[in-house]
Amino acid sequence: MKALLLASLLESSLNSFQKLSVTHCYAIKCGSVSDIYVSNRILDSYIKFGFLGYAHKLFDEMPQRDSVSWNTMISGYTSCGKLDNSWCLFTDMKRCGCYVDGYSFSRLLKGIASAKRFHLGEQVHGLVIKGGYECNVFVGSSLVDMYAKCERVEDAFEAFMEISEPNSVSWNALIAGFVQVRDIETAFWLLGLMEMKAAVTMDDGTFAPLLTLLDNPMFCNLLKQVHAKVLKLGLEHEITICNAMISSYADCGSVSDSKRVFDGLGGSRDLISWNSMIAGFSKHEQKESAFELFTEMHRNWIETDIYTYTGIVSACSGEEHQSFGKSLHGLVIKKGLEQVTSVSNALISMYIQFPTGVMKDALSLFESLKSKDLVSWNSIMTGFSQKGLSEDAVKFFSYLRSSNIEVDDYTFSAVLRSCSDLATLQLGQQTHALATKSSFESNEFVTSSLILMYSKCGVIENARKCFEQISSEHSTIAWNAMILGYAQHGSGQVSLDLFSQMRNQNVKLDHVTFTAILTACSHTGLIQEGLELLNSMEPVYKIQPRMEHYAAAVDLLGRAGLVNKAKELIESMPLSPDPMVLKTFLGVCRACGEIEMATQVASHLLEIEPEDHFTYVSLSHMYSDLKKWEEKANVKKMMKERGVKKVPGWSWIEIRNQVNAFNAEDRSHPLSKEIYLMIEDLTQEMQWLDSDKGIDQASLIGVNFVF
DNA sequence: CTAGGGTTAG
């Protein structure tokens, strides 16, 4: 009677913690706790409900324990990431003379796998061999998985070969290992081998990880083939495969196909399906659809999690989503997710991308985040760099270096961009050395930043060296950087040559390529070439000209004094010109002495961007040139009334780790007297060179600088 | 009481 009652109690305890407690009390009362089977069942239930403490107490009080009791405790600790406790239990188990079996090994190895403790894994492998469990399919698969998670695919392969009859789980674990190290070829080769084996069948566990490899438009066809195979095997309703396909289609550039898979799931979609679809939409600038899904989730009372929030927060980038983004931040706080690193990271980069506001919001979030990871640091540094606060970016880099977080290619790219912004060669070189040491030098983003840094610092030869060393000859961003480097260096012809090489070698061109090449034309006075390129962008290269291209073209025409042509260009634009184009045009008007046109453009600019000092300063300078003092005074008055401050322009030079900064009419430098004398000398020399007799001798003159 | 698989931020 007692045994029967206990058995039924144990059965119902599986889904209620309260019933479990009652069962435990009853078992104690009738002395059944000494029954190993009963105690093991209670132990397991405590662990399933997450009450590890209760479980351990019961375990300690058990008069007798068998392998099952020990194994249950081991897996209890592995599943909550407490590997050290599992390991202690494992060693105690052996010490107590309890029989270590296949179950013990697979559970321990699972913990080692998720902790990626390769050396411990190797030790356990030794024990597995000693115990003769190598060919056991469960232990063997655990070993394969352990090595795979530690990214030791060779070892995983060897362990796999030891399994006498590998099943689909063994195969899947091995394939997943090659997926993890992004060895696409081997992963698909193994898939082919697996297909030929009659003893194993490919299942959802085979395809889900494989699909995550297909994250680039170049895999579009492969993805379709895999999809076809999935259909052929009748696996198209497997949730994990569908979820992986939603992401893959989005990454391969076909969100509509993602949506089709998502819709096909109907009511069987789970949280991951929703999250993947939201992330897919926000990656592909289909922000509105992402927002719609998010509200639909709420309408349907679907639980959200951190992935939902990282996805939806990253959909808020532009000005138009600013207020929604802020409400999301509020929601995150309400849900108590603000200290979750990934969520906070997404919020930080959201604040950085808002056009207004400097770094205040992003920075305060960053500072209050308790566990910052590399992404947090990289985001904040990129933010500083993008907002023109490069000194802060560099400062944060040194903070980061003094922490024990390893830096990566994103870090180097951000720091090097700041170095080029600051034109600080020494720091740039030091960073270059660090990048080389940690072998991130060959990363295309790092290389491009190096090229930009060296060209900005005037060491174009070094920029060229970096460019020559790029591993992927088809890196568009590296070519763009080099073209821009030569453009800034005044070697527009070299830029144009590189551009034609780029076309000959079938390197993909993008909108940045055209900004770079138009800048090159502008700086070298190649008017005709520049205009032809602008006009060919859309019809020949299928790249729609953006504002920056028009601005570059206006600048190009302006430098040649063709104000009217510039005006015509602006009027012919398919979109109405943005402030950047207008400001460029204002500069052109001023330089060409077109006062009337300048006044017109300026008054328009003052209306749309009243807070920007540029327009006021341009006008003020123009009136000074024309000696129109009254007008100049009006402009100054307007600035004062509107609270607009002139931002002085600075120049600086780095000499032996010391930055020497100057602005107009500055006499604060300790060597000011000598500097001004030298400037006078140089000016005279330039004037002389500019005269007829100077030109022929120009190449013979070496100018020595005193500092 | 054992083993594998799908989502996130720069």
Side-chain angles (χ1 to χ4, degrees), chain A residues 37 40-41 43-45 47-48 66-76 78 101-110 113 133 136-146 148-149 163 166-177 179-180 202-212 235 238-248 250 270-280 282-283 305-314 340-350 352-353 373-383 385-386 408-411 413-414 445:
Chain A
Y37 173 78
N40 282 348
R41 288 287 301 268
L43 205 59
D44 191 50
S45 297
I47 285 168
K48 287 215 173 81
D66 62 0
S67 301
V68 178
S69 335
W70 285 96
N71 292 343
T72 308
M73 279 317 295
I74 291 176
S75 76
T78 14
D101 59 7
Y103 292 91
S104 328
F105 283 121
S106 18
R107 302 194 145 189
L108 185 63
L109 283 164
K110 187 179 179 169
Y133 283 103
N136 174 312
V137 69
F138 287 99
V139 179
S141 302
S142 307
L143 275 172
V144 172
D145 180 52
M146 183 274 294
K149 294 248 164 66
I163 305 173
N167 61 15
S168 58
V169 176
S170 331
W171 279 92
N172 294 348
L174 183 64
I175 292 176
V179 168
Q180 194 164 345
M202 300 185 288
D203 60 12
D204 45 349
T206 319
F207 288 101
L210 265 175
L211 281 162
T212 63
L235 296 169
E238 292 295 336
I239 187 81
T240 50
I241 293 188
C242 290
N243 291 345
M245 276 204 294
I246 291 171
S247 307
S248 297
D270 66 3
L271 182 54
I272 298 182
S273 329
W274 287 91
N275 291 348
S276 306
M277 198 62 239
I278 287 179
S282 44
K283 261 182 229 157
D305 70 354
I306 56 166
Y307 290 98
T308 323
Y309 283 95
T310 46
I312 199 69
V313 165
S314 66
V340 177
T341 310
S342 61
V343 177
S344 252
N345 288 348
L347 282 168
I348 289 170
S349 61
M350 174 191 84
I352 286 166
Q353 281 172 43
D373 65 0
L374 187 57
V375 177
S376 332
W377 283 95
N378 288 345
S379 309
I380 209 80
M381 283 167 47
T382 310
S385 165
Q386 279 171 7
D408 70 357
D409 44 339
Y410 282 89
T411 322
S413 180
F445 291 94

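Keep in mind that what you see is a predicted model, and the values were worked out from it rather than measured. The chains referred to below are lettered A, B, ... by the order of the sequence lines, with proteins before strands, and numbering in each begins at 1.
- At the heavy-atom level, A:T308 lies nowhere under 4.0 Å from the strands shown.
- As rounded to whole Å, 19 Å separates atom P of B:dG4 from atom CG of A:L211.
- In this entry the distance linking CG of A:L210 with C1' of B:dG4 reads 12 Å, nearest Å.
- Contact of the A:D408 side chain with the A:T411 side chain is registered, since non-hydrogen atoms from C-beta on lie closer than 4.5 Å.
- Each of B:dT2, B:dC1, B:dT7 was ranked by its minimum atom distance to the side chain of A:D44; first place goes to B:dC1.
- Across all strands shown, A:L271 has no heavy atoms under 4.0 Å from either base or sugar-phosphate atoms.
- Using a 4.0 Å heavy-atom distance criterion, A:N136 is classed as making no nucleic acid contact.
- Whole-Å rounding puts the A:I163 CD1 to B:dG4 C1' distance at 11 Å.
- Residue A:D203 has its side chain nearest to B:dG4 when only B:dC1, B:dG4, B:dA9 are considered.
- For A:N275, taking side-chain heavy atoms from C-beta onward, the closest of the listed nucleotides B:dC1, B:dT7, B:dT8 is B:dT7.
- Closest to the side chain of A:S247, from the set B:dA3, B:dG4, B:dT7, is B:dT7.
- Listed nucleotides: B:dA9, B:dA3, B:dC1. Nearest to the side chain of A:V375: B:dA9.
- Residue A:N71 places its side chain closer to B:dC1 than to any other of B:dT7, B:dG4, B:dC1.
- Here the C1' atom of nucleotide B:dT8 and the CG atom of A:D373 are 11 Å apart, to the nearest Å.
- For the pair A:S142 and A:V139, the minimum side-chain heavy-atom distance is 4.5 Å or more.
- The nucleotide whose nearest atom lies closest to any side-chain atom of A:V68 is, among B:dC1, B:dG4, B:dA9, B:dC1.
- For A:Y103 and B:dC1, the ring-to-base geometry satisfies the stacking test (centroid distance below 5.5 Å, interplanar angle below 30°).
- Look at CG on A:L108: it is 13 Å from C1' on B:dA3, rounded to the nearest Å.
- At the phosphate of B:dC1, neither OP1 nor OP2 sits under 4.0 Å from any side-chain N or O atom of A:K48.
- Atom-to-atom, CG of A:N167 to C1' of B:dT2 comes out at 12 Å; the value is rounded to the nearest Å.
- Residues A:D305 and A:T308 have side chains that bring a donor and an acceptor to within less than 3.5 angstrom of each other.
- The distance from the OH atom of A:Y307 to the CG atom of A:L271 is 10.0 Å, given to the nearest 0.5 Å.
- For A:Y133, the OH atom sits in a packed shell: over 12 heavy atoms of surrounding residues, nucleotides or ligands are nearer than 6.0 Å.
- Rounded to a whole Å, the OH atom of A:Y307 is 11 Å from the C1' atom of B:dA9.
- Among the atoms of the strands shown, only primed sugar atoms or phosphate atoms (P, OP1, OP2) are found under 4.0 Å from some heavy atom of A:S276.
- Residues A:I175 and A:T206 form a side-chain contact, since some pair of their non-hydrogen atoms from C-beta on lies under 4.5 Å apart.
- Heavy atoms of A:T310 sit under 4.0 angstrom from at least one base atom.
- A:N40 comes within contact range of no nucleotide atom at all, as no heavy-atom separation falls under 4.0 Å.
- As judged by a 4.0 angstrom heavy-atom cut-off over every strand, A:I272 is placed among the base-contacting residues.
- Taking atom CZ of A:R107 as the reference point, atom C1' of B:dA3 lies 11 Å away to the nearest angstrom.
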